[in-house]
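Here the structure comes first, spelled out in structure tokens, and everything after it is commentary.
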Amino acid sequence: MMWRILNRHNGTFVDAEKVGHTSWTYHGQMNDDFQPHGLGAQYIEGKFYRGGYWVNGKLDDSDRLSKEEYDKQMNERLNNL
């Protein structure tokens, strides 16, 4: 999946949209190849789709987080930058 970075919060936390599908967004950590990697969540048309700990653009079911847990962890991380 190809992503376009819209905003950077620091070196790794980003807001991005999927190339070709601007209603698909990703918020979280990204690797050097512009793939979700680390804590992050994908939204489709503004609705939470899946969040958790990504590995090179993939999210295993065992690494998923609820929206509430994702929001809590992102708030903690971004407030400590």
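What you see below is based on every heavy atom in this structure, not just the backbone, and it leaves out hydrogens, waters and symmetry mates.
Looking at Asn79, its side chain does come within 3.5 Å of a backbone N or O of Asn75 through a donor-acceptor pair. Here the side chain of Gln29 pairs no donor or acceptor atom with the backbone of Phe13 at under 3.5 angstrom.
For the ring pair (Phe, Tyr, Trp, His ring centres under 6.0 Å) with Tyr26, the lone residue among Phe48, Phe34, Trp54 that qualifies is Trp54.
Taking 4.5 Å as the limit, every side-chain heavy atom of Asp60 sits out of range of all side-chain heavy atoms of Tyr53. Looking at heavy atoms from C-beta onward, Gln35 lies out of side-chain contact with Met30 at the 4.5 angstrom threshold. Side-chain contact between His27 and Val14 is absent, with no heavy atoms from C-beta onward closer than 4.5 Å. Side chains of Tyr43 and Lys67 form a contact here, defined as non-hydrogen atoms less than 4.5 Å apart.
Summarising the geometry, atom CD belonging to Glu76 is positioned 11.5 Å from atom CG belonging to Asp71; distances are rounded to the nearest 0.5 Å. Annotation: the span from Leu6 atom CG to Glu17 atom CD amounts to 4.5 Å, rounded to 0.5 Å. In this structure, Arg77 CZ and Leu39 CG are separated by 4.5 Å, a value rounded to the nearest 0.5 Å. With rounding to the nearest 0.5 angstrom, the NZ atom of Lys18 is 9.0 Å from the CD1 atom of Ile44.
Two different hydrophobic clusters hold Met2 and Val55 under the rule that ILVMFWY side chains link at heavy-atom gaps under 4.5 Å.
The shortest heavy-atom contact between Trp24 and Gln42 is CE3-NE2, 3.3 Å. When every heavy atom of Trp3 is checked against every heavy atom of Pro36, the shortest pair comes out as NE1-CD, 3.6 Å.
Side chains of Asp32 and His37: no donor on one and acceptor on the other come within 3.5 Å. For Asn56 and Asp33, the side-chain atoms include no donor-acceptor pair closer than 3.5 Å.
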